[in-house]
2 protein chains.
Amino acid sequence: MYEDMFIHLQKIIRTMLPDNTEKMEEAAYMLRAISNGTRLQVIATLSEKEELSVSQLQEQLNCEQSLLSHHLTDMRAKGVLNCRREGKNCYYSLKNKQIIQILNCINSCNCN
Amino acid sequence: MYEDMFIHLQKIIRTMLPDNTEKMEEAAYMLRAISNGTRLQVIATLSEKEELSVSQLQEQLNCEQSLLSHHLTDMRAKGVLNCRREGKNCYYSLKNKQIIQILNCINSCNCN
DNA sequence: AAAATAATTTCATATTTTTTAATATATTAT
DNA sequence: ATAATATATTAAAAAATATGAAATTATTTT
């Protein structure tokens with residue numbers, strides 16, 4: 001559905017004004033695609049391992065097969081992840097590594 | 001409940017590893033506190049106007065009274081917003097302006 | 001071709017989140 | 001004290017999301 005969720009979200013945020021209800025809804029919709037423990041784990045794992053099959057992810061995350069597949073399918077549909085089939089396996093990777101920055105930027109803000 | 005959602009989220013992210021399920025869940029929980037159109041609107045509006053009463057926000061966002069109140073109450077509980085009573089009015093403000101950076105950083109990342 | 005493996009899909013259920021309506025509380029104005 | 005205004009709370013309904021089980025598809029191995 002979405003080519004690249006990060007770029008998409010970025011575009012929305014760039015052009016959004018507080019009173020633009022639609023844009024805000026869309027940005028929220030994108031954020032919700034990652035606002036889940038398992039999904040954050042997927043993102044964090046793939047930021048380290050580059051590419052992993054569903055079963056490899058399953059092992060790492062200790063997540064039930066079907067549930068993980070549901071999450072992966074949806075994250076792919078929303079442009080968070082990429083998927084490549086090789087034989088029996090499906091290898092998932094981050095569509096855009098910059099998505100990690102959503103986490104990193106929070107990390108690197110100089111607070112007081 | 002949470003003193004400052006941003007700081008809290010920051011701490012979690014700083015110390016989180018892909019395999020730390022609990023931390024990931026907590027980070028996701030925090031992100032969900034802002035992954036909603038109305039809530040993003042509140043944040044964006046308060047980043048411009050500093051402090052607004054519920055009815056002022058209501059007007060700006062064109063959001064039903066009770067619904068807005070629910071959102072505000074929850075965002076306050078999760079440390080996103082601050083609230084100050086003055087007479088009949090309750091003035092809400094961002095607890096930590098850096099929360100805008102969650103949006104801004106997405107905006108300012110140099111892509112590809 | 002049958003069995004095995006990897007992953008997705010479908011469907012039903014559970015849980016969470018959002019929304020609405022009605023009521024309650026707190027403060028100020030009359 | 002009563003009425004009016006601003007906001008919060010409670011309770012219920014509606015909508016969205018997450019979860020798990022079973023069936024299905026795709027590919028490889030035997």
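Naming: A, B, ... by sequence-line order, numbering from 1 per chain.
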Exercise for the section: Look at the side chain of B/His71 against the base of C/dT17 and say whether a donor-acceptor pair falls under 3.5 Å; ignore hydrogens and angles. Expected result: no
Practice task
Answer with base, sugar-phosphate or nothing: what part of the nucleic acid does B/Ser66 contact at a heavy-atom distance below 4.0 Å?
Solution key: base
Practice task
Can you figure out which of C/dT27, D/dA26, D/dA18 approaches the side chain of B/Lys88 most closely?
Solution key: C/dT27
Practice task
Please test A/Val42 against A/His71 for side chain to side chain contact (heavy atoms under 4.5 Å, CB included), starting from the C-alpha separation and ending with a verdict.
Solution key: CA-CA 9 Å; A/Val42 168; A/His71 282 305; 5.8 Å; no
Problem - Side-chain donor/acceptor of B/Gln65 to base of D/dA6, under 3.5 Å - result: no
Exercise for the section: Find the distance A/Leu72:CG to D/dT19:C1' and express it as a whole number of Å. Expected result: 14 Å
Handout entry: Side-chain N,O (B/Ser53) to OP1/OP2 (D/dT7) below 4.0 Å
Key = yes
Fill in the blank from the handout: Assert: residue with more 5' nearest nucleotide on DNA chain D, out of A/Gly87 and A/Asn36, is A/Asn36
Handout entry: Rounded distance (Å) that lies between atom P of D/dT19 and atom CG of A/Leu68
Key = 11 Å
Practice task
Check the pair B/Leu57, B/Leu72 against side chain to side chain contact (heavy atoms under 4.5 Å, CB included), reporting the backbone distance first and the verdict last.
Solution key: CA-CA 10 Å; B/Leu57 275 167; B/Leu72 295 175; 4.1 Å; yes
Fill in the blank from the handout: From the candidates D/dG20, C/dT19, C/dA7, the one with an atom nearest any side-chain atom of A/Glu64 is D/dG20
Handout entry: Donor-acceptor pair present, A/His70 side chain and D/dT17 base, under 3.5 Å
Key = no
Problem - More than 12 heavy atoms from other groups under 6.0 Å of CD on B/Glu59 - result: no
Handout entry: Nearest-Å distance for atom pair CZ/C1', residues A/Arg39 and C/dT16
Key = 14 Å
Practice task
Could you tell me the separation between the OH atom of A/Tyr91 and the P atom of C/dT5, rounded to a whole number of Å?
Solution key: 16 Å
Problem - Listed nucleotide nearest any side-chain atom of B/Val54, set C/dT8, D/dG20, D/dT7 - result: D/dT7
Exercise for the section: Indicate whether OP1 or OP2 belonging to D/dT7 is found under 4.0 Å from a side-chain N or O atom of B/Asn89. Expected result: yes
Handout entry: Residue that, paired with B/Asp74, satisfies side-chain hydrogen bond (donor to acceptor under 3.5 Å, both in side chains) out of B/Arg76, B/His70, B/Lys78
Key = B/Lys78
Exercise for the section: Please confirm whether any donor atom in the side chain of A/Ser69 sits under 3.5 Å from an acceptor in the base of C/dA7, or the reverse. Expected result: no
Handout entry: A/Met75 CE to C/dT8 P, straight-line distance once rounded to whole Å
Key = 13 Å
Fill in the blank from the handout: Rounded to whole Å, the CD-P distance (B/Glu59 to D/dT7) equals 11 Å
Handout entry: Most 5' of A/Ser55 and A/Arg32 on DNA chain C, judged by nearest nucleotide
Key = A/Ser55
Practice task
Go through A/Arg84 and A/Glu51 one step at a time and tell me if the side chain to side chain contact (heavy atoms under 4.5 Å, CB included) criterion holds.
Solution key: CA-CA 9 Å; A/Arg84 168 180 82 79; A/Glu51 200 186 52; 2.8 Å; yes
Fill in the blank from the handout: Which of C/dA26, C/dA7, C/dT18 is nearest the side chain of B/Arg85? It is C/dA26
Exercise for the section: Check whether any side-chain nitrogen or oxygen of A/Tyr92 sits under 4.0 Å from OP1 or OP2 of C/dT8, and answer yes or no. Expected result: yes
Exercise for the section: Give a yes or no on whether a donor-acceptor pair under 3.5 Å exists between the nucleobase atoms of D/dA8, that is its base, and the side chain of B/Thr73. Expected result: no
Exercise for the section: Provide, to the nearest angstrom, the distance between the CG atom belonging to A/Asp74 and the C1' atom belonging to C/dA7. Expected result: 16 Å
Practice task
Could you check how far CD of A/Glu25 sits from P of C/dT18, rounded to whole Å?
Solution key: 10 Å
Handout entry: A/Thr21 and B/Asn62, any side-chain heavy atoms less than 4.5 Å apart
Key = no
